[in-house]
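Below: the structure, in structure tokens.
Because the structure is predicted, anything quoted here is derived from the model rather than measured. Here is how names work: the chains are called A, B, and so on, in the same order as the sequence lines, proteins then strands, and each is numbered from 1.
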There are 2 protein chains.
Amino acid sequence: MSSMSSTSVDASDLHANVALRLRDDDQRYTSGRRELVDLLVGADRPLTVAEVLERSDGLTQSSAYRNLNLLERAGVVLRVVTDDEFGRFELAEDLTGHHHHHLICTSCGLVEDFSVPDSIEDAVDAALHRVASRAGFSVDHHRMDLIGTCPACRSRSTAS
Amino acid sequence: MSSMSSTSVDASDLHANVALRLRDDDQRYTSGRRELVDLLVGADRPLTVAEVLERSDGLTQSSAYRNLNLLERAGVVLRVVTDDEFGRFELAEDLTGHHHHHLICTSCGLVEDFSVPDSIEDAVDAALHRVASRAGFSVDHHRMDLIGTCPACRSRSTAS
DNA sequence: ATTTATGCAAATCGTTTGCAAACCT
DNA sequence: AGGTTTGCAAACGATTTGCATAAAT
């Protein structure tokens, strides 16, 4: 089943893949971890721990942190860092099949997803791998983000 | 002299430009701030506050933090964030005339500079501006980093 | 003189951790 | 049972901040 799917991944496949990665890391797929994954699936942008807790039922702060870290180590979740004081978490791209980048607002901290044409993506990827091999780095992934001001903050600061 | 320089900037010009930006922000160019700028000029990669303090003479931790923040607000310094627990600081690119990106080692936190061909840079820039205008974001700058493992950490983990 | 910058020590706050109870298998 | 996960509260640590002193204009 689902052997024909190409770019998008349905929820059951996703959970199956998460379970696999956790098993590879000798970790259990507990209900709390599943809820975390579900919350991230439902979001269209990386979430802070505070946002995760707001949206969750019984999740506890310490368990959220612990399990997000554990999921990160297992390659299920990616931590997104910005200049603001909160870490953010999203599902790993190879689980969602959705390669994307971030618009980061320096004023309010908002992080929004976007993507660019494959042609650009491929050129960047090739260039980065070239650089990496020259420097002896092994590439895990790249990030290509846009730092600026979101529409809401723009208008908010347009008093004139 | 130096009126003909194109891509590189000499030290006196740089300090003059820093002074200008600070004046625009109603800030003084004190000796402590000048020392911070000199330390960053001398480094070939973003520095943590700890590294700044090691390399400095009389700089104090709180003043380093305060002044790096102030220099950031004035557009003199850029804060570089990674997954590790330390903020890093470098000179703003439009002061150094050196547009670059970062190789970030997830194992030891090392951050190294690199650059890519202008053709790639231009294509990325165009694509990002397209995305930004569609989303109503105003672009401050972009970042295009490479996350992976540095040579030292690679060999360290190659026990086999 | 008055404003601004500095140094020290204390406070802040997101995140991590110790430990005992609850939960698997 | 034996090991793991959870929740609570305490600890941690990078960064920020209050306040008194030292510059700077």
Side-chain angles (χ1 to χ4, degrees), chain A residues 18-19 21-39 46-74 76-90 104 106 108-111, chain B residues 15 18-19 21-39 46-54 56-74 76-90 106 108-109 111:
Chain A
V18 171
R21 293 193 187 187
L22 286 175
R23 186 148 39 248
D24 280 354
D25 206 30
D26 291 309
Q27 302 290 351
R28 297 177 187 164
Y29 201 11
T30 64
S31 63
R33 293 168 192 173
R34 190 178 172 108
E35 186 178 354
L36 282 173
V37 170
D38 278 327
L39 285 170
L47 298 182
T48 64
V49 167
E51 290 170 333
V52 162
L53 294 178
E54 284 167 12
R55 290 154 199 235
S56 94
D57 254 320
L59 285 184
T60 279
Q61 196 185 49
S62 62
S63 290
Y65 277 111
R66 260 195 285 241
N67 285 324
L68 286 169
N69 283 332
L70 181 149
L71 290 167
E72 190 190 19
R73 279 193 298 275
V76 172
V77 146
L78 186 74
R79 184 193 306 258
V80 177
V81 298
T82 73
D83 280 22
D84 80 359
E85 51 248 288
F86 306 102
R88 289 177 167 76
F89 297 87
E90 67 184 8
I104 300 173
T106 54
C108 70
L110 176 75
V111 178
Chain B
H15 282 297
V18 170
R21 292 193 188 188
L22 285 175
R23 186 150 37 247
D24 280 352
D25 206 28
D26 291 309
Q27 302 292 351
R28 299 177 185 162
Y29 200 12
T30 64
S31 62
R33 292 169 191 172
R34 190 178 172 108
E35 185 177 354
L36 282 172
V37 171
D38 278 328
L39 286 171
L47 298 182
T48 64
V49 168
E51 290 170 333
V52 163
L53 294 178
E54 285 166 14
S56 95
D57 253 322
L59 286 184
T60 280
Q61 196 186 51
S62 63
S63 290
Y65 276 112
R66 259 195 285 241
N67 286 325
L68 286 168
N69 284 333
L70 183 148
L71 290 167
E72 189 190 20
R73 279 194 298 277
V76 172
V77 146
L78 185 75
R79 183 193 307 260
V80 177
V81 298
T82 72
D83 282 21
D84 79 359
E85 51 248 289
F86 307 102
R88 287 175 169 77
F89 297 87
E90 66 184 9
T106 54
C108 69
V111 178

Return the residues of residues 23-39 of chain A meeting this criterion: a heavy atom under 4.0 Å from some atom of DNA chain C. Order them by number, or give none.
none
In this structure, how many angstroms lie between the P atom of dT4(D) and the CG atom of Leu70(A), rounded?
12 Å
Phosphate-side-chain proximity, Asn69(B) and dT16(D), N/O vs OP1/OP2 below 4.0 Å:
yes
In whole Å, I'd like the distance from the CD atom of Glu85(B) to the C1' atom of dT16(D).
18 Å
By nearest heavy atom, map Leu59(A) and Phe89(B) onto DNA chain D; which one lands nearer the 5' end?
Leu59(A)
Tell me whether Asp25(A) contacts the main-chain N or O of Gln27(A) through its side chain, where contact means a donor paired with an acceptor under 3.5 Å.
no
In this structure, how many angstroms lie between the P atom of dT15(D) and the CZ atom of Arg88(B), rounded?
10 Å
Within the structure, does a side-chain N or O atom of Tyr65(A) lie under 4.0 Å from either OP1 or OP2 of dT16(C)?
no
Report the distance from atom CZ of Arg66(B) to atom P of dA23(D), rounded to the nearest whole Å.
16 Å
Please tell me if the side chains of Arg79(A) and Leu71(A) come closer than 4.5 Å, counting only heavy atoms from C-beta onward.
no
A side-chain contact here means heavy atoms from C-beta on lying under 4.5 Å apart; do Leu70(A) and Val77(A) qualify?
no
Just the rounded figure in Å: distance from P of dG14(C) to CG of Asp84(B).
19 Å
Atom pair CZ (Arg34(A)) and CG (Leu22(A)), whose distance is rounded to the nearest 0.5 Å:
11.5 Å
Ser63(A) or Gln61(B): which one's nearest nucleotide on DNA chain D is closer to the 5' end?
Ser63(A)
I need the CG-P distance between Leu22(A) and dC24(C), as an integer number of Å.
16 Å
From CG of Leu68(A) over to P of dT6(D), roughly how many Å is that when rounded to an integer?
11 Å
Does any non-hydrogen side-chain atom of Leu53(B) lie less than 4.5 Å from one of Thr60(B)?
no
Looking at side-chain heavy atoms only, is the closest gap between Leu47(B) and Arg88(B) below 4.5 Å?
no
Is there a side-chain contact between Val18(B) and Tyr29(B) in this structure, where contact means two heavy atoms from C-beta onward sitting under 4.5 Å apart?
yes
Looking at Ser62(B), I'd like to know whether one of its side-chain N or O atoms comes within less than 4.0 Å of OP1 or OP2 on dC8(C).
no
Rounded to whole angstrom units, what separation is found between the CG atom of Leu71(B) and the P atom of dT6(C)?
10 Å
